[in-house]
Structure formats: C-alpha cells, structure tokens
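Following: one structure in structure tokens, then a few remarks.
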Amino acid sequence: MEAKKKDIRALTKEQLRDFFVSQGDKAFRGNQVYEWLWQKSAHSFEGMTNLSKATRDMLEANFVINHIKVDQMQRSNDGTIKNAVRLHDNLVVESVLIPTSSRTTACVSSQVGCSLDCRFCATARLKRMRNLNPDEIYDQVVAIDNESRLYFDRPLSNIVFMGMGEPLMNYNNVLKAIDKITSTEGLAMSPKRITVSTSGVPKMIKKMADDGVRFKLAVSLHSAIDEIRTRIMPFNATFTLADLREALEYWYAKTRSRITYEYVVWRGINDTQKDVDALVDFCRFAPSKVNLIEYNPIDDGEFQQASNSAIDMYVNTLERNGITVTVRRSRGKDIDAACGQLANKQ
Ligand code: SF4
C-alpha cells in the first residue's frame, strides 16, 4: 500500500546504511542511494542506474521520494523567475530566482502560508498550513540552481530565506535543509552565501547564536518604534523591540557577525525623521546594514511606498551615523514575485 511507504529522504545516511544491512545487503549501498537522493537529486528510484533492478524494485516497494514539482514557472521582463512549487500533498508554495549581472539569488519558502500576521504581506493572508520538510526546502534550491544554469549559464550563488513563512518558526527543518545545502554530500554551498531573514523571534535568535550557525542573519524590522511596529506587525506586542534588541545583542556577542535589517518605508507610517532616528538608535549596538526595500502594494490599502524624499532622508541620516545602507529596487513585480507578494495567486 502506497500509504505505508516511508519518505526515504527523512532517513539519515546511517539509517539508510542500516536499512540495507537489515535487507542482507552491503552498507555502502546506503551511501550510493544517499548520493542519488541528495547530490544528484534523483526524482525516482528508476533513475538510480548503478543499482540493480532488484534493489530499485525493493526501494520502490518500501519508500517514496516526495520530490517537489515545479507546476508553473513565470519569467519577468527583468529576468526574475517565479516557481509555483507543488508539494506531495498538493499544497503549493512559491520560490523566486533573482538574477543580477554577477549573481543569482534564490528566495525560498520555509512554510506553507505563515504563522505570523504582518499586515503588509500577501503571504500572511494564507495563514500557516504546515511547515516545509528539509527536503522540500532543499528541492526549491536545486530547482533554482538548475534554472540558473539553464537560463543564465552559471550556478546559483546565494540563498535568502525570505519567501513564504517565518523560517525561525520552522527552525529545525530550516537548519537540516541548510546542512544539506552546505554539505559536500549536498550542494556544497558556503554558509556565508545563505541569509536567514526573520521577522524577529527573540528566543530563536538566541538559539541560533548558541547553535553556532554560520549563515547570515537578517531581521525584517520596518520600525524601531514599538507602537508603530505593533500596528504593522502585530506579533510585536508579544516579542517587543526591547526583547528583539536583547536577543540581537546576544547574537552579536556570540557571533561577531554583522546584522542586516530589512526595512520598508511606507507613506504616512514610518516616513518621518523621528522614525529614522529611532532606527539609528536601535542598530547602534553592533555593526549594521540597512536594506531599504521598495514596496509592492498588494492592494490599494494603507501601505503605499514612501516618497523619494523620505527615502533620501533615511539614506542621508543612516550614512551620517556610519550605518551602511542600500536601496534595493524590487524585482519581478509584473509576476507578483517581489517581496511580500508571494501568495499563490495562480
Ligand atoms: S512578512 Fe514574513 S513573517 Fe510576516 S507574515 Fe509575511 S511571510 Fe510571515
């Protein structure tokens, strides 16, 4: 019965080796299968050509490979690609390939929907349906790596966990996926090229610091004033800025790793000098970088991109205070692939 078959990629290499021994076969057969599953990203047992037909049939009888399927691929005028990714239980998430002249970045999802409720975000309207498994995260990266090689003639260079979901609410699976992505038995990417972007879950930021992770941290801050942040990111009432700041101080003390803040400036919400002064105060304790992200309205509601003069005020004030700042143009707007727009529209 199909229902009784196990997801083979939930097994560690050791467990696979043990399985083969329990079947009266050699342990190294487990290594071969592990290599097919991860390094070669096999979609079926059928394609594992260095195994005998009997071994492939035996695997087929016991396991499934719950590989993702790219259901629909949309290409933007600016080269951005958005994948609608179908999971084995028919749920759909999205991931995005963002090309620049020198690099390809994959923006991947970590949950179906999201546990949190940021008011400006299209994904928040989907609510969280479930966490993604490590292999479902890994597969999104492999799919984008393949597309990068096919359309841009180069491998994927960077990964950001900034698609659907709050990665720190699915911490264990995100970590397992990153282990595979960075392992020589997986994609062998450097952790320095991976950024986990969180809306700021203090307890989990401290846990990351304790776990000695080597990828980069970005925080979607959007306001350094509690009253305003709670209005736009209601969970801030629970995880206040003071808690977040304390967790980030802990992170910096342990990792000495610069913190990036993602920040959107909205008209009438956080576009005054008082707002930028609060931001300067908030990030003073550690080397910081602020990415000012262009906003993509998800409807005609209260969230609209601020004026260019407000953006200039942010840039000037941050630079005057020695804080690195970049203004990031949004990509893939025409296909709803830009930040905050991922919501399975198709
Ligand atoms: S912005 Fe991120 S954390 Fe907030 S609701 Fe959207 S996906 Fe979730």
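None of the values given here were measured: they were computed from a predicted structure. Numbering of ligands and ligand atoms starts at 1, following listing order.
Ordered by chain and number, C118 SG make up the set of protein N, O or S atoms under 2.8 Å of atom 4 (Fe) of ligand 1.
A 6.0 Å sphere centred on CG of D153 holds no more than 12 heavy atoms belonging to other residues, nucleotides or ligands. Surrounding CZ of R193 are at most 12 heavy atoms belonging to other residues, nucleotides or ligands under 6.0 Å away.
Counting only heavy atoms from C-beta outward, the side chains of K69 and H43 never approach each other to under 4.5 Å.
Counting only N and O atoms by type, the side chains of S197 and T195 include no donor and acceptor under 3.5 Å apart. In this structure, a donor-acceptor pair under 3.5 Å is absent between the side chains of Y314 and D275.
The protein atom (non-hydrogen) at minimum distance from atom 2 (Fe) of ligand 1 is G165 O, 4.3 Å.
Stacking of R9 on the aromatic ring of Y138 is not recorded, the 6.0 Å distance cut-off and the 45° axial limit not both being met.
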